[in-house]
Chemist: 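Can you read through this structure? Questions will come right after.
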Amino acid sequence: MNNVKIVVAGPRGNMGKEAVKMVAATDHFTLVAVIDSKNDGKLVADLPDMPALQVPVYTDMGRCFSEHDADVLIDLTAPAFGRKHMETAFAHGVRPVVGTTGFSDADIKELRHTSEEKQLGAIIAPNFAIGAILMMKFSQMAAKYLPDVEIIERHHDRKLDAPSGTAIKTAQLISEVREAKQQGHPEEKEELAGARGADFEGMKIHSVRLPGLVAHQEVIFGGEGQTLTIRHDSMNRASFMPGVRLAVETVLGIDTLVYGLENIIE
């Protein structure tokens with residue numbers, strides 16, 4: 001593969017730091033710039049706890065793309081910025097790989113239209129951990145036979161959205177093979193509002209936020225006389241980097257928007 005010129009947005013975040021290290025350590029990748037909410041005009045080497053890279057920092061993404069020839073944007077910022085950053089990347093002929101969540105169905109539809117109109121591939125992944133993608137795939141397989149299911153996702157207490165994009169994506173995949181149904185006792189009553197979790201076509205999704213956690217999810221299936229639990233744990237953010245690398249390599253060869261890493265894994 002030819003050299004891929006990459007811009008990383010969100011370099012000071014936990015995921016962003018790992019992405020900067022991954023890009024720098026990959027022979028056929030070159031980090032040409034980073035996008036930060038501050039530190040404009042500095043170098044990556046000037047930022048705390050960052051590699052000693054002589055790579056410029058920008059606060060203005062448009063100016064960054066105007067001054068640097070980039071192939072791919074890796075966006076690991078916050079849900080509020082994901083769509084805007086993708087639109088800016090498309091406008092400058094850059095292919096986005098996005099790890100933020102919070103995209104609505106309408107967002108996905110409109111962004112896919114732009115992607116195809118400009119013939120620029122894009123990937124949005126609620127989770128970049130390969131093991132998490134397999135967990136989702138296995139859960140979809142299991143739901144064909146055990147349709148009573150609840151999802152428990154656990155994340156660090158700095159996560160802004162609940163439930164997680166991975167939990168929602170898991171429920172969406174399960175819904176493709178499971179008919180919507182109400183679970184639990186028909187006269188069930190919550191003594192405290194929200195005790196049974198969020199409801200997705202009768203499936204319950206529970207979110208836990210605690211310090212010390214990174215990203216964890218279990219999908220619990222119940223059947224007559226048996227249960228099945230499929231669980232994935234990310235112990236650190238480095239666990240997401242093989243998936244980010246795969247997405248960067250894949251986005252160069254597609255001309256539409258792909259939502260979910262499971263769609264590019266055989």
Side-chain angles (χ1 to χ4, degrees), residues 4 6-31 33-39 44-53 55 57 72-82 85-86 96-103 123-136 151-170 207-218 231-251 259-262 264-265:
V4 183
I6 296 172
V7 172
V8 173
R12 289 183 294 112
N14 291 323
M15 282 282 285
K17 287 180 183 178
E18 291 296 335
V20 167
K21 294 175 185 175
M22 181 274 292
V23 172
T26 303
D27 290 341
H28 56 286
F29 289 177
T30 297
L31 184 67
V34 301
I35 310 296
D36 191 21
S37 60
K38 54 185 180 180
N39 298 304
V44 169
D46 299 326
L47 305 183
D49 303 318
M50 295 292 285
L53 300 174
V55 172
V57 179
V72 176
L73 167 69
I74 299 175
D75 188 278
L76 300 167
T77 55
F81 305 110
H85 288 175
M86 290 186 72
V97 169
V98 181
T100 60
T101 55
F103 291 93
I123 294 175
I124 300 173
N127 197 318
F128 279 110
I130 302 298
I133 306 307
L134 294 173
M135 175 264 297
M136 289 189 276
I151 299 169
I152 304 174
E153 56 94 351
R154 302 175 175 88
H155 283 80
H156 54 86
D157 58 348
R158 297 170 306 287
K159 185 170 178 59
L160 297 176
D161 55 323
S164 68
T166 300
I168 294 172
K169 184 64 175 176
T170 304
S207 297
V208 177
R209 299 291 179 266
L210 288 171
L213 296 173
V214 177
H216 317 263
Q217 180 171 296
E218 56 184 310
R231 174 170 177 148
H232 176 262
D233 298 276
S234 283
M235 306 305 183
N236 55 51
R237 274 79 182 182
S239 65
F240 303 112
M241 292 308 110
V244 175
R245 186 184 301 112
L246 175 64
V248 170
E249 293 169 345
T250 301
V251 79
Y259 179 67
L261 210 63
E262 71 280 359
I264 64 173
I265 294 177

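Side chains included, hydrogens not; waters and symmetry mates left out as well; all remaining heavy atoms used.
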Chemist: Kindly give the heavy-atom pair with the smallest separation between Ser164 and Gln217, and that separation in Å.
Modeler: OG-OE1, 4.1 Å
Chemist: For Phe128 versus Val98, what's the shortest heavy-atom pair and its separation?
Modeler: CZ-O, 3.8 Å
Chemist: Output all residues satisfying side-chain contact (heavy atoms from CB on, under 4.5 Å) with Thr77, sequence neighbours left out; order by chain, then residue number.
Modeler: Ala9, Asp75, Phe81, His85, Thr100
Chemist: Taking the side chain as every heavy atom from C-beta outward, state whether His232 and Met136 have any pair of such atoms under 4.5 Å apart.
Modeler: no
Chemist: Using 0.5 Å steps for rounding, measure from the CD1 atom of Ile152 to the NE2 atom of His216.
Modeler: 13.0 Å
Chemist: Rounded to the nearest 0.5 Å, how far does CG of Asp233 lie from CE of Met235?
Modeler: 4.5 Å
Chemist: List the steps and the verdict of side-chain contact (heavy atoms from CB on, under 4.5 Å) for Val214 and Arg237.
Modeler: CA-CA 8 Å; Val214 177; Arg237 274 79 182 182; 4.0 Å; yes
Chemist: Enumerate, atom names and distances included, each donor-acceptor pair closer than 3.5 Å involving a side-chain atom of residues 13-25, sequence neighbours excluded.
Modeler:
none

Chemist: I need the full list of salt bridge (charged side-chain N to carboxylate O under 4.0 Å, His left out) pairs touching residues 207-216, with sequence neighbours left out, sorted by first then second residue.
Modeler: Glu153-Arg209
Chemist: For a side-chain contact (heavy atoms from CB on, under 4.5 Å) check, start with the C-alpha distance between His155 and Leu213, then their side-chain angles and the critical distance, and finish with the verdict.
Modeler: CA-CA 5 Å; His155 283 80; Leu213 296 173; 5.7 Å; no
Chemist: Go through it in stages, so that I can follow the logic: the residues are Val8 and Leu31, the test is side-chain contact (heavy atoms from CB on, under 4.5 Å), and I'd like the CA-CA distance, side-chain angles, deciding distance and then a yes or no.
Modeler: CA-CA 8 Å; Val8 173; Leu31 184 67; 3.7 Å; yes
Chemist: Supply the atom-to-atom distance Ile35 CD1 to Leu76 CG, rounded to the nearest 0.5 angstrom.
Modeler: 12.5 Å
Chemist: Please report the C-alpha distance between Met135 and Thr166 in whole Å, then the side-chain angles of each, then the deciding distance to 0.1 Å, and finally whether the side-chain contact (heavy atoms from CB on, under 4.5 Å) criterion is met.
Modeler: CA-CA 10 Å; Met135 175 264 297; Thr166 300; 4.2 Å; yes
Chemist: Closest heavy-atom contact between Arg12 and Leu47?
Modeler: CG-CD1, 4.1 Å
Chemist: Which atoms form the tightest heavy-atom contact between Pro163 and Ser207, and what is the distance?
Modeler: CA-OG, 3.3 Å
Chemist: About how many Å separate CD1 of Ile151 and NZ of Lys169, when rounded to the nearest 0.5 Å?
Modeler: 12.5 Å
Chemist: Locate the shortest heavy-atom distance separating Ala129 from Phe240; write the atom from each residue and the value.
Modeler: N-CD2, 3.5 Å
Chemist: Please report the shortest heavy-atom distance between Gly243 and Ile130, naming the atom on each side.
Modeler: CA-CD1, 4.0 Å
Chemist: Between atom CG of Leu246 and atom CD1 of Ile133, what is the distance when rounded to the nearest 0.5 Å?
Modeler: 10.0 Å
Chemist: Crowded around Asp157 CG? As in, over 12 foreign heavy atoms under 6.0 Å?
Modeler: yes
Chemist: Report the residue from Thr30, Val34, Val248 that forms a side chain to side chain contact (heavy atoms under 4.5 Å, CB included) with Ile6.
Modeler: Val248
